[in-house]
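Read the structure below first, then the notes.
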Amino acid sequence: CRELFQETFDSVQLNFKDLFRKCFGGGRAELVLEEGVDILEAGIDIVARPPGKKLRTLALMSGGEKTMTTIALLLAIFKSKPSPFCILDEVDAPLDDTNVRRFTVLLDDFLENTQFIIITHNKVTMGQADTLYGITMEERGVSKRVAVSLESYDPDEMEALATST
Amino acid sequence: CRELFQETFDSVQLNFKDLFRKCFGGGRAELVLEEGVDILEAGIDIVARPPGKKLRTLALMSGGEKTMTTIALLLAIFKSKPSPFCILDEVDAPLDDTNVRRFTVLLDDFLENTQFIIITHNKVTMGQADTLYGITMEERGVSKRVAVSLESYDPDEMEALATST
Amino acid sequence: MHLKKLELVGFKSFADRTSLDFKPGITGIVGPNGCGKSNVVDAFKWILGSQSAKGLRGTEMMDVIFGGTQNRKPLGYAEVTVVFDNTDRYFDIDFSEVAITRRLFRSGESEYLINKNRCRLKDIKNLFLDTGFGATSYSILEQGKIDVLLQATNSDRRVVFEEAA
Amino acid sequence: MHLKKLELVGFKSFADRTSLDFKPGITGIVGPNGCGKSNVVDAFKWILGSQSAKGLRGTEMMDVIFGGTQNRKPLGYAEVTVVFDNTDRYFDIDFSEVAITRRLFRSGESEYLINKNRCRLKDIKNLFLDTGFGATSYSILEQGKIDVLLQATNSDRRVVFEEAA
Ligand SMILES: Nc1ncnc2c1ncn2[C@@H]1O[C@H](COP(=O)(O)OP(=O)(O)OP(=O)(O)O)[C@@H](O)[C@H]1O
Ligand SMILES: Nc1ncnc2c1ncn2[C@@H]1O[C@H](COP(=O)(O)OP(=O)(O)OP(=O)(O)O)[C@@H](O)[C@H]1O
Ligand SMILES: [Mg+2]
Ligand SMILES: [Mg+2]
């Protein structure tokens, strides 16, 4: 059990360092096991430094930086132990356009093993979807699936559908 | 002191009912003082029902519905006791385009007494600003103010400025 | 193994039978605020065995059953089915398609089915054991909770690593 | 009374003297992730008297002093000044312009000034008393904390009402 945990930790560590650099276009990040404690009990610390900046606590990072760090960690775990599917509910809400693009580009490396279901209001993210579903309420309070194609997707039209009832 | 609190509560209550209807295009909301407790100790409950839906707990509301309810309550307090300025940091992140527009239209009623400082990535919200400032890092890790005009605002250009260093 | 379909009826705001077909790659889900997108995520958590009402944003498990609108009566039960392609026998069961169904009746009675045969919750949990996804797993990032992995204490974070090991 | 200007030097990521002029209406602040927009909000909380390092996303108050980058040395102090137009004598002080300055040195020493005259923190807090805005007031909604008003317990929520009364 100890070997298995150490092996997983080392593999996620390697992936996290790599994916963090991809998320931020540089910088460094790593996972640190608590010292002096049995590996089966030790806590895991995250150390992350965006490019060009000094090392500071995670709490001082911005909303967008924290989200990108979390995405890098999540995908690092996925790389070590692929999961057949992954559901992301508006993770792109705090991101600027550049980071949204970096995030969606990163997903490309995972599409072989993993299906992604992504809920979003962001047009750049929608553009990356292979299939797009709309969920609206033509009858107030009752959800309904509607067909949506990216070219024709007009949030106002869908919202008008929903609020008109 | 009791009269003052009751007076404020009643006034915020009236405003909240009105502003919630404006935020949602209908529905009902109210504030409920805890029963059987001295008014100076009583807690304040929020009851909110979006249009066409049944009354449910706040926790069952969606991310966007909760944000709009909070905005209605905040502005209701502002209406009762105007504050000279108000700072909103990416409150529009969970909102769809229709709700962003409703939110920015609501602010118009408050511009006489209150200056708003709004941090946003949303182009619809930016469009409502009278003055627009850009904050970027031409030198990594060092914030700098840059002039931005809405017509010429190009997030990619600003981000390219920031990430190129 | 891949995810083929999710079907909901009477689950939260999905009063009418609604199904979503999934293909490999990225599936985007879009739509106005409050229309039921995150309820789809809750449906996944529920069908994967979640027993926590709070984790589904409710106060009791009954909250997942369609509670009616101003124009519709509440329904008597909630049902969700998820269908996986199992040609690669990823699941330790000799079917090339695995359909898992969960039902909850207003009476409080629950039903679980694998390929239309009644089973226990334990059987479903056993099916998912070792796959990396289950109700609490790291493969679902809920709305507004993206930073949970960063904010977790070091020992909580370990749990995610142990799941991946 | 209205807000005229905010000036920062050595405060968080604002190593160089930066000033933002404010006019009536809505001022928008835009820019890439991690560039310092929310640090401006922290500057407002700090100048209005906030004594909580955690409330400014740090672990100790020293965290507000510019800590350097890979290419710049840390600075020795942080300074923020906010300037109000007081022609209507909104503040109980006989000046038509009120400039409030706060400084913190690495030595741990703090300085507070009103119109360039040294004063105590208490004097600044007294100036803001009864105005509806101060460090903890309802007129600042921080990033990611929009739902705090909804999630607060009923008795915590009262506090906001008492402030408005
Ligand atoms: N048991 C139930 N019966 C009927 N409606 C329900 C039930 N449980 C929740 N709802 C409704 O579902 C709605 C929330 O849906 P959901 O959270 O999925 O929205 P969303 O599409 O994710 O919106 P957003 O973009 O704002 O996040 C609420 O309005 C709530 O009243
Ligand atoms: N004392 C300090 N010295 C130098 N830099 C600091 C200091 N304190 C915080 N920072 C830096 O400020 C940055 C965060 O800035 P801020 O939170 O204002 O970003 P933001 O523009 O709001 O971004 P987002 O759009 O992602 O919310 C972090 O990268 C952090 O390292
Ligand atoms: Mg949602
Ligand atoms: Mg920010």
Side-chain angles (χ1 to χ4, degrees), chain A residues 4-5 7-9 12 34 41-46 58 66-67 69-71 73-74 77-78 80-91 107 111 115-121 125-126 128-137 139-145 148 153 155 158-159 162-163, chain C residues 1-3 12-16 18-32 34-41 44 66 68-72 84 90 131-133 137-151 153-158 160-165:
Chain A
L4 190 61
F5 183 82
E7 217 179 276
T8 307
F9 180 80
V12 173
E34 210 177 322
E41 306 283 324
I44 298 168
D45 233 337
I46 299 172
L58 289 180
K66 283 194 302 197
T67 295
T69 305
T70 304
I71 289 172
L73 182 56
L74 181 84
I77 297 171
F78 262 85
S80 305
K81 177 156 179 144
S83 167
F85 70 89
C86 174
I87 304 175
L88 303 173
D89 194 349
E90 300 197 22
V91 297
L107 295 183
L111 297 183
Q115 284 168 285
F116 286 91
I117 298 166
I118 300 182
I119 296 173
T120 181
H121 293 288
T125 308
M126 288 177 205
Q128 297 294 322
D130 303 297
T131 326
L132 206 55
Y133 284 119
I135 305 239
T136 186
M137 287 181 166
E139 181 189 338
R140 278 204 170 141
V142 179
S143 294
K144 180 184 163 70
R145 193 199 79 203
V148 173
Y153 180 65
M158 219 155 105
E159 284 158 21
T163 42
Chain C
M1 189 278 267
H2 67 265
L3 181 65
K12 288 205 163 190
S13 52
F14 290 89
D16 301 326
T18 309
S19 80
L20 296 169
D21 295 319
F22 296 101
K23 302 201 184 68
I26 298 177
T27 302
I29 296 182
V30 299
C35 279
K37 301 183 297 296
S38 298
N39 288 343
V40 170
V41 179
F44 271 107
F66 178 72
T69 67
Q70 298 227 304
N71 302 323
R72 280 213 193 190
F84 296 104
Y90 179 90
T131 60
F133 65 93
S137 82
Y138 52 86
S139 49
I140 298 178
L141 279 189
E142 291 166 72
Q143 190 172 4
K145 294 206 166 51
I146 171 95
D147 288 339
V148 168
L149 212 56
L150 284 198
Q151 279 155 6
T153 64
N154 303 357
S155 43
D156 288 351
R157 214 175 274 144
R158 259 197 82 81
V160 174
F161 281 79
E162 281 162 0
E163 252 182 65

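None of the values given here were measured: they were computed from a predicted structure. Per chain, numbering begins at 1; letters A, B, ... match sequence-line order.
- Note that CG of D21(C) and OG1 of T131(A) are 9.5 Å apart. Values are rounded to the nearest 0.5 Å.
- Distance CG/L73(A) to CZ/F161(C): 5.5 Å, rounded to 0.5 Å.
- Taken to the nearest 0.5 Å, the NZ atom of K37(C) stands 9.5 Å off from the OG1 atom of T120(A).
- Contact annotation: the side chain of D45(A) approaches that of R157(C) to within less than 4.5 Å [non-hydrogen atoms, C-beta and beyond].
- In this structure, the portions of S38(C) lying under 4.5 Å from any heavy atom of chain A include both its backbone and its side chain.
- Taking every heavy atom of both residues into account, H121(A) and G31(C) meet most closely at CE1-O, 3.3 Å.
- Between F22(C) and D130(A) there is no side-chain heavy-atom pair separated by less than 4.5 Å.
- Interface summary for chain C: among I44(A), I119(A), L74(A), I118(A), the most heavy-atom pairs under 4.5 angstrom belong to I44(A).
- With respect to chain C, the highest number of heavy-atom pairs below 4.5 Å among M126(A), K144(A), E41(A), E34(A) belongs to E41(A).
- Taken from CD1 in I140(C) to CG in D89(A), the straight-line distance is 10.5 Å, to the nearest 0.5 Å.
- For the atom pair CG (L3(C)) and CD1 (I87(A)), the distance works out to 8.0 Å, reported to the nearest 0.5 Å.
- The minimum heavy-atom distance linking T69(C) with R140(A) is given by the pair CG2-O, 3.5 Å.
- Put simply, CZ on R145(A) and CG on D16(C) are 12.5 Å apart, with the number rounded to the nearest 0.5 Å.
- For S143(A) against G36(C), the heavy-atom pair with the smallest separation is OG-CA, 3.6 Å.
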Q: Decide yes or no on ring-ring contact (aromatic ring centres under 6.0 Å, His included) for F85(A) and F44(C), but give the supporting numbers first.
A: CA-CA 11 Å; F85(A) 70 89; F44(C) 271 107; 5.6 Å; yes

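- For V148(C), no part sits under 4.5 Å from any heavy atom of chain A, backbone or side chain.
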